[in-house]
*Asks:* 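I'd like to ask some things about the structure below.
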Amino acid sequence: MTGDRRGIKSFGRRRGRIRPNQLKRLERELPGFALPGAASREELLDKLGADPDAARFVLEIGFGGGEFLAGRAARHPGDRFYGVEVYLD
């Protein structure tokens, strides 16, 4: 099968392109998702409107479509969940 690549499957990341309208939307909306500055876990949770004594701050890196993170957040409404998807541009 020299030269026949139909049988090869790749699950690696592909380089994508951000269209101009997508870039404008990112520039407009992304700053609204920034975490507030805080000197401690307790201060961060307080700024996020959570009870610092009871809530957890959960950061999931590489959350894909977010289904797992959304389900977990639904089961733990007092905690604060943030998901970050890393991809190549």
Side-chain angles (χ1 to χ4, degrees):
M1 282 197 348
T2 304
D4 185 4
R5 304 198 87 179
R6 288 177 290 179
I8 298 173
K9 292 187 181 190
S10 173
F11 297 99
R13 299 204 179 273
R14 295 183 184 189
R15 291 185 178 264
R17 291 187 197 104
I18 295 179
R19 294 187 299 269
N21 61 332
Q22 292 173 316
L23 182 59
K24 287 179 187 175
R25 185 173 181 185
L26 280 172
E27 290 172 343
R28 183 180 69 241
E29 295 183 17
L30 196 57
F33 292 100
L35 293 172
S40 67
R41 173 194 165 278
E42 290 77 14
E43 183 181 354
L44 176 62
L45 286 168
D46 184 56
K47 287 183 175 185
L48 293 173
D51 179 3
D53 295 325
R56 294 177 295 166
F57 177 82
V58 180
L59 174 63
E60 183 173 336
I61 299 172
F63 76 110
E67 296 88 356
F68 177 78
L69 188 63
R72 193 168 176 200
R75 289 188 304 276
H76 303 281
D79 295 340
R80 295 299 180 258
F81 292 85
Y82 280 79
V84 178
E85 183 59 40
V86 181
Y87 67 93
L88 298 175
D89 180 15

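On a predicted model such as this, the values are computed, not experimentally measured, just so you know.
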*Asks:* Can you pull out every side-chain hydrogen bond (donor to acceptor under 3.5 Å, both in side chains) where at least one residue sits in residues 22-41? Sequence neighbours excluded, please.
*Replies:* Arg25-Glu29

*Asks:* Minimum heavy-atom separation for Gly78 to Ala55, with atom names?
*Replies:* O-CB, 3.2 Å

*Asks:* Who are the ring-ring contact (aromatic ring centres under 6.0 Å, His included) partners of Tyr82, not counting sequence neighbours?
*Replies:* Phe57

*Asks:* What are the two closest heavy atoms between Leu44 and Pro36, and how far apart are they?
*Replies:* CD1-O, 3.7 Å

*Asks:* Do Ile61 and Leu35 sit in the same hydrophobic cluster, where Ile, Leu, Val, Met, Phe, Trp and Tyr count as joined when their side-chain heavy atoms come under 4.5 Å apart?
*Replies:* yes

*Asks:* Any side-chain hydrogen bond (donor to acceptor under 3.5 Å, both in side chains) involving residues 56-70? Give me the pairs, sequence neighbours left out, ordered by first then second residue.
*Replies:* Arg56-Asp79

*Asks:* If you group Ile, Leu, Val, Met, Phe, Trp and Tyr by side-chain heavy-atom gaps below 4.5 Å, do Leu48 and Leu59 land in one group?
*Replies:* yes

